[in-house]
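Below you'll find the structure, written out as structure tokens, and then a few comments.
Order of the sequence lines sets the chain letters (A, B, ...), proteins ahead of strands, with each chain counted from 1. Since we're looking at a predicted model, the values are computed, not measured.
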2 protein chains.
Amino acid sequence: MAERGPRRRVTIADVARHAQVSTTAVSKVLRNAYGASPAMRDRVKAAIEELGYRPHAAARAMRGRTFTIGVLLPHIRNPFFADVLDGVNEQLAGTSYQAILVQGGGTDLAAESRAIEALIDRQVDGILMIAPLTAKSRLEEVAAEMPLIVLGRHERSSAYDAVFDDDDAGTELVVRHLIELGHRRIGHISQRCPGRGRPLALPHLTRAETYRRVMDEHGLAAEIAIAVTSWTEEGGYDGTRELLARSPRPTAIFAGDDQAAFGALAALHEAGLSVPGDMSVAGDDNTKLAAMANISLTSVDQDGVLMGRTAARLLLERVEGRAAAMRFSVTPTLVPRRSTGPAPADQG
Amino acid sequence: MAERGPRRRVTIADVARHAQVSTTAVSKVLRNAYGASPAMRDRVKAAIEELGYRPHAAARAMRGRTFTIGVLLPHIRNPFFADVLDGVNEQLAGTSYQAILVQGGGTDLAAESRAIEALIDRQVDGILMIAPLTAKSRLEEVAAEMPLIVLGRHERSSAYDAVFDDDDAGTELVVRHLIELGHRRIGHISQRCPGRGRPLALPHLTRAETYRRVMDEHGLAAEIAIAVTSWTEEGGYDGTRELLARSPRPTAIFAGDDQAAFGALAALHEAGLSVPGDMSVAGDDNTKLAAMANISLTSVDQDGVLMGRTAARLLLERVEGRAAAMRFSVTPTLVPRRSTGPAPADQG
DNA sequence: CTGAAAGCGCTAACAG
DNA sequence: CTGTTAGCGCTTTCAG
């Protein structure tokens, strides 16, 4: 009959009593603050150990820090986010900070806003947002209230730090790679952008824009073909069906990210087209699955763990007081695999 | 020069002043508590709206609830967890509760303990643990302190609720399916179990045990072959290589879960073996990718969204006061696809 | 129905 | 170096 919470939690007062000191002394020891003799320090530490005391985060929150870092991410379906999170946790390990995640509703802006507010209401010491959809102006408002790092967006702001992949370079690598293989009709799959108003500097927009630019630079402006769906398996599938319906159909697809590329491969398989014989496919993110021998998907590698680690480091710096904005950009590399090959001969 | 937090947050006192009532009144309105006239209620609500007041979770935590549900999950690499989480968020939408996630270190028991403590220290109103490694005795301690739901484990406890897939039934479906296709040498990939001491009722142990039982029941005890790696792409790859090294090698592999099955498919591709011609492969979880035409992986479907929704519902019930333990089990179904087929003729 | 007042556990002035 | 004390924002008796 699990009676709930009968055993009152050990508090700083219990520790103080047990160690025969004041609560102030305990607090000082806990925070490694100035003004506690080694002897007292030892006695308090022993008492903490004996009583199994752990600080009550909510009580701390009322005066000082919560030692909690809030991480906002759109969803947990993209393995790239898992890499980023591993980097974050790696950087936080050994500190007293703990990361808590909240899921913003994918492409639902309102849900994301609620998630951000939830984090603020819970008084986290700093926030890391992964590819948020929220308008820059709102991000700056949040940054005015607490340390903020934005991962995966390119805008420049003096209010928060930015950690991002150089999407421009990555896309250029992919599109050039395809062009060098002789492709001219290269399709692209992008995502719907939920934000009304000014377009955000989100990866999918940068990639689409760069795709356009590189095509144009090679005199292929007329061959530009973008299917706007979403970067999920289904989105890649649907987008590919859309591109296949064109006449003449493309000979290569840059799917935007790996998840979409997997959907593209499925759609091509279903259509009876061979890869890369009839159609080349490239993704972006270089997920584990892309490297698997039976998939062997050409992709763009960006070090997600490094990005996560860096973001967490920058955030802790801000929590410690840094105010000047920093930007950290990761340079991607192309990983060519068997899903891309020479354009079919009939293309000329 | 983002000056941090200059604009003091709106508090209940501000609202009270603005609405010309006491803070008690505001608090009552916020909690829909008894003892506030409709008129006052309206006035307070208007003030809240005007001032953009949002309750301060930490302050609430000191007296009452935080309206926060803690979700512990091993990692975010398994798409099945994403389904569960969608179910949780779906159930929580419309309530005032917010889910926060913490990642326990995969197979690292100590990291998981720290994550659980982090949740307790942050005074969540209830905890949902997804496939935790922690010993049952510790789970019961936690359950004595706060509402707890455990998802994905089979033990029976009077202290917390359990939501789980009937892994026994699922595995039986897969193994029988393979046996009916004429396979006799059926290999299995399982995970290393970190827990010392009593084995936990985790899915991979149930599946392995059931695999053994069904093989035995069909007189195939001698053909039992288990590779113990991990349920990741790499683990599936390594496990398959291990099984392939046996002589004679199996003609079918039940990979334990889809992620591992993807690794298995890669290893077989690399080994030049055809699926299902030379080897049948089955997974478990029925992830989106398994359904893709080019993969077409036979799998076991278990409704993750339903499980998440149910877990969240049960947790809220407990938060509201229910004490009697409940168990909810989801019945899985087999989804046969092209990755499984008749055993090669040479098997007899 | 309404409000004054006493804390929840902790931190940070401030005295001693 | 040490301890006393006044809150942080909210909930919750308990009088009016």
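Nearest-nucleotide positions on DNA chain C place B/Ala25 closer to the 5' end than the other of B/Ala25 and B/Met62.
Once rounded to the nearest 0.5 Å, the distance linking CE of A/Met326 with OH of A/Tyr160 reads 15.5 Å.
Between A/Asp303 and A/Arg309 there is no salt bridge, since none of the side-chain N atoms of the basic residue sits less than 4.0 Å from a carboxylate O of the acidic one.
Using a 4.5 Å heavy-atom cutoff, the side chains of B/Ile120 and B/Ile127 are in contact. Annotation: side chain of A/Val142 is in contact with side chain of A/Met129 (closest heavy-atom distance under 4.5 Å).
Taking side-chain N and O atoms only, B/Ser22 has a distance below 4.0 Å to OP1 or OP2 of C/dG3.
Remark: A/Glu49 CD is loosely packed, at most 12 non-hydrogen atoms of other residues, nucleotides or ligands lying under 6.0 Å away.
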Show the atom names and distances, to 0.1 Å, of all donor-acceptor pairs under 3.5 Å that link a side chain in residues 35-46 of chain B to residues at least two apart or in another chain.
from: B/Ser37; atom 1: OG; to: B/Met40; atom 2: N; distance (Å): 3.3
from: B/Arg41; atom 1: NH2; to: B/Ala33; atom 2: O; distance (Å): 3.2
from: B/Arg43; atom 1: NH1; to: B/Ala19; atom 2: O; distance (Å): 2.9

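Distance NE2 (A/His56) to C1' (D/dC8): 14 Å, rounded to an integer number of Å. The distance between atom CG of B/Asp121 and atom P of C/dC8, rounded to the nearest whole Å, is 19 Å. Distance, B/Asn32 CG to C/dC1 P: 14 Å, rounded to whole Å. Rounding to whole angstrom units, CZ of residue B/Arg17 and P of D/dC10 are separated by 12 Å. Distance A/Gln20 CD to D/dG3 C1': 14 Å, rounded to the nearest Å. Between the C1' atom of D/dC14 and the OH atom of B/Tyr34 lies a distance of 16 Å, rounded to the nearest Å. One atom, CG of B/Asp14, and another, C1' of D/dC8, lie 13 Å apart when rounded to the nearest Å.
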With salt bridge (charged side-chain N to carboxylate O under 4.0 Å, His left out) as the test, would you mind laying out the steps for A/Asp121 and A/Arg114 before giving the verdict? CA-CA 10 Å; A/Asp121 295 345; A/Arg114 262 177 277 129; over 6 Å; no

Where along nucleotides 11-16 of chain C does protein come under 4.0 Å, by heavy atom, of base (B) or sugar-phosphate alone (S), with - for untouched nucleotides? BBB---

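Proximity note for B/Val21 (side chain, C-beta onward) versus D/dT2, D/dC8, C/dG3: the nearest is C/dG3.
At a threshold of 4.0 angstrom between heavy atoms, the contacts of B/Ala33 with the nucleic acid are absent.
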